[in-house]
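Report on one structure; see the data block that follows.
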Amino acid sequence: MINTAYQAIDAHSEELVDLAKKIWENPEMGWKENKAVAWTAEVLKANGFETEVGAYGMPTCIRAVWGSGKPVVGLAAEYDCLPGLSQNLCSYQNPIVPGGDGHGCGHNLLGVGCLGACIGLKAVMEEEHLPGTVIFYGCPAEEQLTGKGIMAKRGAFTECDFTITWHPSSLASDTLGIHTGVEGAFFDFTGRTAHAAGAPENGRSALDAAQLMNIGVEFLREHVTSDVRMHYIYTDGGLAPNIVPDHAQVKYFVRALTREATVDAFNRVVRCAEGAAHMTDTTLKVTRIGGLYPTLQNHVLAQACQDARKEIPAITYTEEELKFADEINQKSPQYTPDTPPVATDQTLRTNNIYGSTDYGDVSYICPGFQVNECTATTLTAGHSWMMTATAGSSIGMKGMIRAAKIMAGGAWRLIADPEKLEAAKQEFQTSTQGKPYVCPIDDDFEWPYKD
């Protein structure tokens, strides 16, 4: 039965850990994950998956298939890293390359964990002679929040009856809550340069426009619902203080718990920018950099994964691992002497998550669920050197193997039980009210792969 899947994952654990370590040691930013893709494809092929690299016309995208017929389950994998989070395998901040890239979100574990789940599902479906198809989707550039959206625009995931993924975490429990949706854009203001002291009346400051836009957004915060998040950076503010800037640029992310609220808040931000351009006699160009849906966690799938979680033994850590975890926790201002080194609570929770993932798009195409599993210390923050350190450690690797089992066990329960699968589909139809997924990435979105 399902133990066959768990045993298969354990039998391949050394191979999986080696792959995750190689990807950790060779971090690659989104759209450039060439080594990770090549190594992952090798393992998929070696394990009997018909593997296509460059799927959907995307050089760092993988589509690997085993089996035939229905049901079809998709595993959504990632392998990109983050800038500035290079880190040695130690309990204090110590970059391998100062300012270099690193796996501060644990995607070296994420993609390989999905691969492990595919291996486990293949083993149990072969043993039980179950019909069905397992698809591994290697998804580029999650950190750019557009990889899966472009894949979806090109037809990915529609073949699936359901999908599943996971994310490395400081928690050992799942949530039915929502990850926020996102709209992102660059706002470019163009004015007229002049000597800031000698002839300021001749200038039209693009920087003034950018500042006024941001002031408008700050006042807007009082008049949006509490789930809305709006954050920005200046990417260009001029060249010298005595030159009126004729160009300025800000980059924005706008988030909310529903797609409708996200779009509404983003449109209001655009109007702040338009008003700022009018006030400063500058021109405005808005370049959308994509958007994504909030997640839609399927409760039937969630319960199937929770049932699997309960039957899989909890992770056992060595004294050395617990000491390493405690040393990392001590670097957090939240640390107290009674802080547990790693999380043990495995309750199915309902809290919302205000970060975002492009898996949200996939969850509005067919039933889906994102599992969490503990790969880090209790006080490790996402997108931090602490996460990079634990993602390369044995703590991270143990969590990855357990996540693979949870996903395989949850997916198997729907593959082997047509009534449960139908219940997941019915819930999806009710939750989406039958509305089709509409990709939030425009046709004129700039092709992200560069030579």
Straight-line distance of [X] [atom1] to [Y] [atom2], nearest 0.5 Å:
X      : Y      : atom1 : atom2 : answer
Asp101 : Ser86  : CG    : OG    : 8.0 Å
Ser394 : Met400 : OG    : CE    : 11.5 Å
Arg402 : Tyr6   : CZ    : OH    : 9.5 Å
Ser91  : Trp385 : OG    : CH2   : 6.5 Å
Thr283 : Glu274 : OG1   : CD    : 12.5 Å
Asn108 : Ile23  : CG    : CD1   : 7.0 Å

Judged by atom type as modelled, is there a donor-acceptor pair below 3.5 Å linking the side chain of [X] to the main-chain atoms of [Y]?
X      : Y      : result
Asn26  : Lys22  : yes
Asp80  : Glu143 : yes
Arg63  : Tyr137 : no
Lys153 : Ile441 : yes
Asn352 : Ile178 : yes
Asp174 : Leu348 : no
Thr258 : Ala261 : yes
Thr175 : Asn351 : yes
Arg154 : Gly149 : no
Glu373 : Ser169 : no

Please test Arg268 against His223 for side chain to side chain donor-acceptor pair (under 3.5 Å), starting from the C-alpha separation and ending with a verdict.
CA-CA 10 Å; Arg268 294 172 74 184; His223 304 289; 5.9 Å; no
side-chain contact (heavy atoms from CB on, under 4.5 Å), that's the test. Do Leu16 and Leu115 meet it? Break it down for me.
CA-CA 8 Å; Leu16 296 170; Leu115 196 164; 3.9 Å; yes
Quick one: does [X]'s side chain get under 4.5 Å of [Y]'s, heavy atoms only?
X      : Y      : answer
Val73  : Ile415 : yes
Val112 : Tyr79  : no
Phe49  : Cys118 : yes
Phe369 : Ser363 : no
Asn298 : Phe162 : no
Asp188 : Leu284 : no
Cys366 : Asp161 : no
Glu78  : Lys148 : yes

Verify side chain to side chain donor-acceptor pair (under 3.5 Å) between His167 and Gln370, making sure each step is shown before the conclusion.
CA-CA 7 Å; His167 204 285; Gln370 179 173 282; 5.8 Å; no
Regarding [X] and [Y], is there a side-chain donor-to-acceptor distance under 3.5 Å anywhere?
X      : Y      : result
Asp361 : Tyr437 : yes
Thr380 : Thr377 : yes
Asn329 : Thr378 : yes
Tyr335 : Asp326 : yes
Ser173 : Gln346 : no
Gln87  : Thr388 : no

Within 6.0 Å of [atom1] in [X], more than 12 heavy atoms from elsewhere:
X      : atom1 : result
Lys32  : NZ    : no
Lys70  : NZ    : yes
Tyr92  : OH    : no
Lys122 : NZ    : yes
Leu239 : CG    : no

Carefully, step by step, assess Asn47 and His12 under the rule side-chain contact (heavy atoms from CB on, under 4.5 Å).
CA-CA 10 Å; Asn47 283 280; His12 287 270; 2.8 Å; yes
Which pair of non-hydrogen atoms, one from Cys139 and one from Phe157, has the smallest distance, and what is that distance?
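Nearest heavy atoms, Cys139 then Phe157: SG-CZ, 4.2 Å.
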Atom of Thr282, atom of Gly191 and distance for their closest heavy-atom approach
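Between these two residues, the closest heavy atoms are CG2-CA, 3.9 Å.
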Could you please spell out the steps behind the side-chain contact (heavy atoms from CB on, under 4.5 Å) verdict for Thr133 and Trp66?
CA-CA 6 Å; Thr133 304; Trp66 175 85; over 6 Å; no
For side chain to side chain donor-acceptor pair (under 3.5 Å), just list the numbers for Thr295 and Tyr364, CA-CA rounded to whole Å, side-chain angles, deciding distance to a tenth of an Å, and then say yes or no.
CA-CA 8 Å; Thr295 54; Tyr364 275 83; over 6 Å; no
Quick one: do Glu183 and Arg259 make a salt bridge, cutoff under 4.0 Å?
yes
Is the closest basic N to carboxylate O distance between Glu321 and Lys398 below 4.0 Å?
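Looking at Glu321 and Lys398, the cut-off is met.
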Looking at Tyr354, I'd like to know if the NZ or CZ of Arg229 sits under 6.0 Å from its six-membered ring centre while staying within 45 degrees of the ring's axis.
yes
Working for side chain to side chain donor-acceptor pair (under 3.5 Å), residues Thr180 and Ser356:
CA-CA 5 Å; Thr180 53; Ser356 305; 2.8 Å; yes
Let's go through Leu145 and Phe253 carefully: what are the C-alpha distance in whole Å and the side-chain angles of both, what is the deciding distance for side-chain contact (heavy atoms from CB on, under 4.5 Å) to 0.1 Å, and is it a yes or a no?
CA-CA 10 Å; Leu145 302 177; Phe253 283 147; 4.0 Å; yes
If we check salt bridge (charged side-chain N to carboxylate O under 4.0 Å, His left out) with Arg288, which of these qualifies: Asp443, Asp442, Asp444?
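One option only clears the test, and that one is Asp442.
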Ignoring hydrogens and angles, write down the donor-acceptor pairs under 3.5 Å from the side chains of residues 209-219, residues two or more places apart or on other chains.
{"from": "Asn214", "atom 1": "OD1", "to": "Tyr252", "atom 2": "OH", "distance (Å)": "2.6"}
{"from": "Asn214", "atom 1": "ND2", "to": "Ala210", "atom 2": "O", "distance (Å)": "3.3"}
{"from": "Asn214", "atom 1": "ND2", "to": "Tyr234", "atom 2": "OH", "distance (Å)": "3.0"}
{"from": "Glu218", "atom 1": "OE1", "to": "Arg221", "atom 2": "NE", "distance (Å)": "2.8"}
{"from": "Glu218", "atom 1": "OE2", "to": "Arg221", "atom 2": "NH2", "distance (Å)": "3.4"}
{"from": "Glu218", "atom 1": "OE2", "to": "Tyr232", "atom 2": "OH", "distance (Å)": "2.8"}

So among Ile365, Thr262, Val438, which one has a side chain to side chain contact (heavy atoms under 4.5 Å, CB included) with Tyr293?
Val438
